[in-house]
Amino acid sequence: MNWNKLHLFGIDLIYKDLRSYQNLIEGFLSKRKKELEKDYDEADLEKEAEKAGINKEQYFLHLIDSFAEKHHEISRQFPHNFRASFLVQIISVIESELRKICNHYGNYKNQKFTVDDLKGSNDLEKCKDYLTTITEIDFKQYSAEWGFIKQCKLLRNKIVHHYSVIKRTDKNLITFAKNTDSIEFLNYEKSHYDNIEFLIVNNKLIDELLITSEVFFRKLLESGIKYNS
């Protein structure tokens with residue numbers, strides 16, 4: 001049996017599902033935003049003000065306040081919440097699939113220990129250590145993909161453990177976040193703030209993580225791990 005192709009087939013299915021899910025939610029949020037803006041543009045101030053029992057000017061102010069709040073939710077907060085949770089999910093998938101590959105290959109090579117037997121709490125690094133221990137794989141050949149995944153893992157940690165906040169002293173992560181064109185810092189200009197809150201304002205980072213991690217798995221299984229040697 002060609003285990004390399006079998007692993008790749010499974011990963012292809014997983015990434016197809018992830019992209020379908022992403023397109024569904026992003027599409028829904030975009031559609032809802034357009035509907036909200038259309039409702040605002042087409043609002044009949046005279047009719048709605050009369051129905052509410054207030055004058056036109058009062059209703060207009062009410063409409064602006066209501067629209068601003070809903071627009072912020074549907075155009076910024078809800079998309080960030082989805083993208084942040086989706087990034088966390090993708091990192092979990094990467095770690096889970098990589099651990100499966102490591103342990104399966106270790107079993108194939110009759111190893112008496114698994115990834116989970118290694119010390120440490122960073123699953124990515126444990127998988128790397130495991131593979132470099134039982135194979136002759138040089139991770140330098142995956143340095144671009146691996147480095148990007150690791151930075152996204154650090155960003156994931158900030159989402160999960162620090163409510164989407166980065167310390168100003170985390171300069172490498174801040175630089176990475178700025179270079180993604182997907183991260184907006186909410187209080188970066190206020191230099192007295194040590195904690196910098198961020199929003200994921202578009203899907204470019206998620207797209208790149210999906211592409212980069214899939215490339216990593218393909219390289220690892222096509223030229224790194226060799227079952228049939």
Side-chain angles (χ1 to χ4, degrees), residues 11-12 14-37 67-98 122-125 142-191 193-220:
I11 286 170
D12 285 343
I14 290 170
Y15 275 79
K16 181 179 179 181
D17 286 345
L18 287 172
R19 288 189 172 91
S20 294
Y21 174 55
Q22 179 193 26
N23 291 336
L24 176 68
I25 303 302
E26 290 282 0
F28 169 78
L29 291 171
S30 177
K31 179 182 178 182
R32 186 67 192 92
K33 176 174 173 288
K34 291 177 181 178
E35 289 173 348
L36 179 65
E37 292 169 348
F67 172 78
E69 181 180 353
K70 292 178 180 178
H71 194 267
H72 173 78
E73 290 177 343
I74 201 66
S75 65
R76 290 172 63 80
Q77 194 59 54
F78 292 169
H80 165 77
N81 291 346
F82 163 67
R83 292 163 189 152
S85 64
F86 193 42
L87 185 145
V88 172
Q89 180 181 351
I90 296 170
I91 293 296
S92 295
V93 167
I94 294 170
E95 291 176 332
S96 176
E97 291 306 305
L98 186 55
N122 188 322
D123 285 346
L124 285 178
E125 288 302 320
Y142 316 124
S143 59
E145 295 82 13
W146 189 249
F148 185 84
I149 292 169
K150 284 178 62 178
Q151 289 295 320
C152 287
K153 170 69 183 285
L154 292 176
L155 201 60
R156 171 262 181 208
N157 293 344
K158 299 301 181 184
I159 291 168
V160 172
H161 301 299
H162 302 282
Y163 305 100
S164 299
V165 167
I166 301 177
K167 288 284 187 182
R168 191 175 292 274
T169 51
D170 293 333
K171 296 188 181 300
N172 288 338
L173 188 56
I174 288 176
T175 298
F176 169 78
K178 284 183 175 181
N179 289 337
T180 66
D181 293 328
S182 282
I183 303 295
E184 177 182 321
F185 293 116
L186 301 185
N187 55 349
Y188 185 79
E189 300 304 323
K190 298 178 180 179
S191 58
Y193 277 61
D194 292 327
N195 297 327
I196 305 172
E197 186 178 356
F198 66 88
L199 288 179
I200 306 178
V201 296
N202 59 51
N203 58 11
K204 291 180 182 179
L205 175 63
I206 301 298
D207 288 342
E208 189 170 357
L209 178 57
L210 286 170
I211 292 170
T212 301
S213 57
E214 191 171 16
V215 167
F216 166 74
F217 279 120
R218 190 161 297 280
K219 284 184 176 182
L220 179 67

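As a basis for the values below, the full set of heavy atoms in this structure was taken, side chains included, without hydrogen atoms, waters or symmetry mates.
In this structure, CD1 in Ile14 is found 3.5 Å from CD in Glu97, a value given to the nearest 0.5 Å. Here the straight-line distance linking atom CD of Glu197 with atom NE2 of His80 works out to 7.5 Å at 0.5 Å rounding. Atom CD1 of Ile90 sits about 9.5 Å away from atom OG of Ser85, to the nearest 0.5 Å. Rounding to the nearest 0.5 angstrom, the gap separating the CG atom in Leu18 from the CD1 atom in Ile206 is 10.0 Å. How far CD of Glu69 is from CD of Gln77: 11.5 Å, rounded to the nearest 0.5 Å. The NE2 atom of His72 lies 9.0 Å from the CZ atom of Phe78; values are rounded to the nearest 0.5 Å.
In this structure, Asn179 places its CG atom where more than 12 heavy-atom neighbours from other residues, nucleotides or ligands lie under 6.0 Å away.
Ser213 is not listed as a side-chain neighbour of Phe148, based on a closest heavy-atom distance of 4.5 Å or more. Using a 4.5 Å heavy-atom cutoff, the side chains of Asp170 and Leu154 are not in contact. At a threshold of 4.5 Å between non-hydrogen side-chain atoms, the residues Asp17 and Tyr21 do not count as touching. At a threshold of 4.5 Å between non-hydrogen side-chain atoms, the residues Leu205 and Leu155 count as touching. Contact of the Arg168 side chain with the Asn195 side chain is not registered, since no non-hydrogen atoms from C-beta on lie closer than 4.5 Å. Looking at heavy atoms from C-beta onward, Lys153 lies out of side-chain contact with Ile94 at the 4.5 angstrom threshold. Side-chain contact check for Leu199 versus Ile183: every heavy-atom pair is 4.5 Å or farther apart. Annotation: side chain of Ile174 is not in contact with side chain of Phe198 (no heavy-atom distance under 4.5 Å).
In this structure, Glu35 pairs ionically with Arg32, as a charged nitrogen and a carboxylate oxygen lie closer than 4.0 Å. The pair Arg218-Asp12 counts as a salt bridge, with a side-chain nitrogen and a carboxylate oxygen less than 4.0 angstrom apart. Using a 4.0 Å cut-off between charged nitrogen and carboxylate oxygen, Arg156 and Glu95 do not count as a salt-bridge pair. By the 4.0 Å N-to-carboxylate-O rule, Lys204 lies too far from Glu208 to be salt-bridged with it.
The two residues Ile200 and Arg83 have their closest heavy-atom pair at O-NH1, 3.1 Å. Nearest heavy atom pair, residue Pro79 against residue Leu29, reads CA-CD1, 3.7 Å. Heavy-atom minimum distance, Asp207 versus Gln22: OD1-NE2, 3.0 Å.
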Could you go through Phe86 and Ile25, starting from their C-alpha distance and side-chain angles, then the distance that decides it, and tell me whether this counts as side-chain contact (heavy atoms from CB on, under 4.5 Å)? CA-CA 10 Å; Phe86 193 42; Ile25 303 302; over 6 Å; no
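Taking Phe185 as the reference, Tyr188 meet the ring pair (Phe, Tyr, Trp, His ring centres under 6.0 Å) condition, with sequence neighbours excluded.
Using the six-membered ring where Trp is involved, Tyr15 and Phe217 have ring planes that are perpendicular, over 60° apart on the 30 and 60° scheme.
Between the side chain of Ser30 and the main chain of Glu26, no donor-acceptor pair closer than 3.5 Å is present. Using a distance-only test at 3.5 Å, with no hydrogens or angles considered, no donor-acceptor pair links the side chain of Asn187 to the main chain of Lys190.
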